[in-house]
> 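Got a structure for you, questions after.
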2 protein chains.
Amino acid sequence: MDARALTALRTVGTQGGVTAAARVLHLTPSAVSQQVAGLERELGLELTERVGRGVRLTAAGEALAAAAVDVEVALERARAAAQGLRASPTGTVRVSAFASGAQLLLPGLLARTAALPGVRVECSDDDVAQDAFVGLTDLIDVVIAHRPDGSPGWGGGVVVRPLLREPLDVAVAPTHPLAGRRVVEASDLVDEDWVAVREGFPVARVLAEVGALVGALGGTAPRVRHRINDFHVAAALVGAGHGVSLLPRYTFGADPRVRLVPLAGVRAGRRVEALVRRDKAERVVVRRVLAELTALAAQIAGEDAGAVADDADQGVSTSLPRA
Amino acid sequence: MDARALTALRTVGTQGGVTAAARVLHLTPSAVSQQVAGLERELGLELTERVGRGVRLTAAGEALAAAAVDVEVALERARAAAQGLRASPTGTVRVSAFASGAQLLLPGLLARTAALPGVRVECSDDDVAQDAFVGLTDLIDVVIAHRPDGSPGWGGGVVVRPLLREPLDVAVAPTHPLAGRRVVEASDLVDEDWVAVREGFPVARVLAEVGALVGALGGTAPRVRHRINDFHVAAALVGAGHGVSLLPRYTFGADPRVRLVPLAGVRAGRRVEALVRRDKAERVVVRRVLAELTALAAQIAGEDAGAVADDADQGVSTSLPRA
DNA sequence: CTGACGATGTAGCGTCACTGCATGGACGCG
DNA sequence: CGCGTCCATGCAGTGACGCTACATCGTCAG
């Protein structure tokens, strides 16, 4: 019963297939298949079952995969126990963020962590669909993810550290009649063209809610003219007068192309959170980087609090184990 | 960071040396040495230090060894999680007991477990010094150990399951003046020759206490004539009139060679307990055998309760995790 | 039916851990 | 003080195990 084989099995579960798991583990599909086969032989029971041309974990497989995380946690804790006696943490941490979150947080994070000797932070940006964020934690230590305001959460096996709640404001062109307003009511937005994100991506649901509200007032569904995932492209369209949109306040508050006006009476916002797989959360370096990240986020949220009156709801704190 | 290497390190700690650990792990000393060397290279710090011609774990080594148990527990729990979905536990369990405990418990245990299909129990008897019992848990799943009545305990890393408290009675020859008595006072024993066990073995301390009491009354230290570890040899000597001794009630109550008389006013007894290493305690089969063992012990203690009035103190219950 | 994808066996190969042996230091004994 | 013993640890050789590459089979889409 090798920890390596358990990891392979768990990855097959999280990635949803042998080939996908092999990609993450930097192996060939054959190797992964042999690992789980060996595990099945040792235990004398089936851990995977074929479904279509792919595979799925059986009940026993799921149970074993869940337990596998505990093994990795214990291993990581062992490393930490030995190295914890050393002075300061050392190592490299992989951080990933969705595009706008990366723009908002990564420069500051790199600036802060540059001051820590022996700590290397490697960044990447991955904009994926809502349900793909957790899968990224197999490859990346700290995944900065976002989700709309009252959405269910992320599921087990992963530690969630809330970073900030970023309000979504109505973005209009500087020449737009609403551009000078301090706040805007839903009723003001009847009969506007909208620039929205693609379905399945985090902010889509918020826009749908706002749209429903506006539609209820105006008697018609919101007119979504464009589907743009990149906020910068959306900002360019809005700035050129091709419609209005919802844009995150901290990231686009100072963008000259658009004016952001808070939306009154509607809870429009997204939660930005750091996702870390439980075993990786045991690494001392990861904890250190995570601490810097939360401090940075608190700083950003604090700067905004002085400028704009905002609901103070920062979400329930999902604390780290052994905080 | 291999779980196998961690086990090697931990065993070096518990067994107190590379060679001893190698014996337990069925390896050569060279292999064990290379395992810990690899661990040290990977972590970049010293885990062992030389002391005399042997080695000892450093602080970091101790920390890592302690964490290693958690890894093994997690691994074992993973096995159990997968196999727990199967109907009944299966496998072989190694049980060891000190000589008189083996005589008292092992036949009954084998009778009970014979009824369990797929469960094999392999027995052995190991009579070792007080502080060597825990070391046995590296090689044996369930170690039946004994210790005098108020002794400190066994230390960490091992699960303790109390089985029974066996009173120690004064053993005299059938022809001895005290043979017919219902109880015997300490004052009755002044000026007797004693048959004791070797120093460092479990019952030695009890005899020392009784001896001190007797000595205080008689004004002289107890005369220890013979040092006999095997209770059967001791019984033979006592039966032949070569002195008195302290013998466990359940094991020698029906022995024709001696008469056992309870000792009034002195807490003379030994605790019989099962020692299981934490990771092995996760195995379902081991739990099953342990359940049979405790039931058997309770039955034996119950039979005695009807015959002789005894203090009901059975010791604090050190419960198993996830009982 | 054909092409593509995904999982899984098989052959070949490289790597790694173990054994056997030799070395060096530490303790005990004559 | 030197000798033998014991213990830990290097080093060369070997065997086993896991990985890659390739081929095969089943499944789904067009």
Side-chain angles (χ1 to χ4, degrees), chain A residues 1-58 60-62 64-65 68 71-72 75 132 135 138, chain B residues 1-58 60-62 64-65 68 71-72 75 132 135 138:
Chain A
M1 178 87 101
D2 190 14
R4 193 173 180 73
L6 287 177
T7 305
L9 178 74
R10 190 187 53 70
T11 312
V12 170
T14 60
Q15 298 293 322
V18 174
T19 308
R23 257 193 300 272
V24 168
L25 297 172
H26 305 292
L27 290 175
T28 57
S30 182
V32 176
S33 183
Q34 289 174 48
Q35 296 271 17
V36 298
L39 224 45
E40 288 179 332
R41 187 161 23 82
E42 183 178 343
L43 291 169
L45 38 82
E46 307 273 308
L47 297 174
T48 60
E49 57 190 357
R50 305 218 43 155
V51 46
R53 51 184 164 183
V55 287
R56 183 179 49 195
L57 298 190
T58 63
E62 289 288 357
L64 196 58
V71 174
E72 288 162 15
L75 274 170
D138 283 336
Chain B
M1 179 86 105
D2 190 14
R4 194 173 179 73
L6 287 177
T7 305
L9 178 74
R10 190 187 52 70
T11 312
V12 169
T14 58
Q15 298 294 322
V18 175
T19 308
R23 257 193 301 273
V24 168
L25 297 172
H26 304 293
L27 290 175
T28 57
S30 181
V32 176
S33 182
Q34 289 173 44
Q35 296 270 17
V36 299
L39 224 45
E40 287 179 333
R41 188 161 22 82
E42 183 178 342
L43 291 168
L45 38 82
E46 308 273 308
L47 297 174
T48 60
E49 58 189 357
R50 306 217 43 154
V51 45
R53 51 184 164 185
V55 286
R56 183 179 50 192
L57 298 190
T58 63
E62 289 287 357
L64 196 58
V71 175
E72 288 163 14
L75 274 170
D138 283 336

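In what follows, chains carry the letters A, B, and so on, assigned in the order in which the sequence lines appear, proteins first and then strands, with residues in each chain numbered from 1.
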> Walk along nucleotides 23-29 of chain C from 5' to 3' and tag each nucleotide B, S or - by protein heavy-atom contact under 4.0 Å, base first, then sugar-phosphate.
---SB--
> Assess whether atom CD of B:E42 is packed by more than 12 heavy atoms of other residues, nucleotides or ligands within 6.0 Å.
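Yes - once you tally the heavy atoms of other residues, nucleotides and ligands closer than 6.0 Å, there are more than 12.
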> Among all residues two or more places apart in sequence or in another chain, which pass the salt bridge (charged side-chain N to carboxylate O under 4.0 Å, His left out) test with B:E62?
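Salt bridge (charged side-chain N to carboxylate O under 4.0 Å, His left out) list for B:E62, sorted by chain: empty.
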> Taking donor-acceptor contacts at under 3.5 Å, does the side chain of B:T48 reach the base of D:dA8?
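No.
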> Which atom pair, heavy atoms only, marks the closest approach of A:V55 to A:G17?
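Of all heavy-atom pairs spanning A:V55 and A:G17, the closest is CG2-CA, 4.3 Å.
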> Looking at residues 5-21 of chain B, who's got a heavy atom less than 4.0 Å off DNA chain C?
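Here the set is empty: none.
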> Can you check whether B:R23 reaches B:Q15 side chain to side chain, under 4.5 Å on heavy atoms?
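B:R23 does not reach B:Q15 side chain to side chain.
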> Measure from CG on A:L25 to P on D:dT20 and round the result to the nearest Å.
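Rounded to whole Å, this separation is 11 Å.
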> Shorter than 3.5 Å, N or O on both sides, protein versus nucleotides 12-18 of chain C: list them out with atom names.
residue	atom	partner	partner atom	Å
C:dC18	OP1	B:R4	NE	3.1
C:dC18	OP1	B:Q35	NE2	2.8
C:dC18	OP2	B:Q35	NE2	3.0

> Should B:L64 and B:R10 count as side-chain neighbours, where that means a heavy-atom distance under 4.5 Å?
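Side chain of B:L64 against side chain of B:R10, heavy atoms only: no contact under 4.5 Å found.
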> Is a donor-acceptor pair below 3.5 Å formed from side chain B:S33 to base D:dG10, judging by atom type as modelled?
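Such a pair does not exist between side chain and base.
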> Pick from A:L6, A:L75, A:D2: which one makes a side chain to side chain contact (heavy atoms under 4.5 Å, CB included) with B:L75?
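Only one option passes, and that is A:L6.
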> For residues 24-37 of chain A, dump all side-chain donor-acceptor pairs below 3.5 Å to protein atoms at least two apart in sequence or in another chain.
residue	atom	partner	partner atom	Å
A:T28	OG1	A:A31	N	3.4
A:S30	OG	A:Q34	NE2	3.0

> Locate the shortest heavy-atom distance separating A:A65 from A:L57; write the atom from each residue and the value.
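What the structure gives for the nearest pair is CB-CD1, 3.9 Å.
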> Mind calculating the distance between CD (A:E49) and P (C:dA7) to the nearest angstrom?
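Value for this atom pair: 14 Å.
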> Testing the basics here: between A:L9 and A:G61, what is the closest heavy-atom pair and its distance to 0.1 Å?
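That closest heavy-atom pairing would be CD2-O, 3.8 Å.
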> Within this structure, what is the CZ-to-P distance between A:R23 and D:dC19, rounded to whole angstrom?
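So the two atoms are 18 Å apart, to the nearest Å.
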> Can you tell me the distance, in whole Å, between the CZ atom of B:R56 and the P atom of D:dC7?
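After rounding, the gap between these two atoms is 17 Å.
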> For B:R56, check side-chain hydrogen bond (donor to acceptor under 3.5 Å, both in side chains) against everything at least two apart and list the hits.
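So B:R56 forms a side-chain hydrogen bond (donor to acceptor under 3.5 Å, both in side chains) with B:E49.
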> Could you tell me the separation between the CG atom of B:L57 and the C1' atom of D:dA8, rounded to a whole number of Å?
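After rounding, the reported distance stands at 14 Å.
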> Answer whether the closest heavy-atom distance between the side chains of B:T58 and B:L45 falls below 4.5 Å.
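Heavy-atom side-chain distance check fails, nothing below 4.5 Å.
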> In whole angstrom, give the distance that lies between atom CZ of A:R41 and atom P of C:dG9.
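The distance from CZ of A:R41 to P of C:dG9 comes to 10 Å, rounded to the nearest Å.
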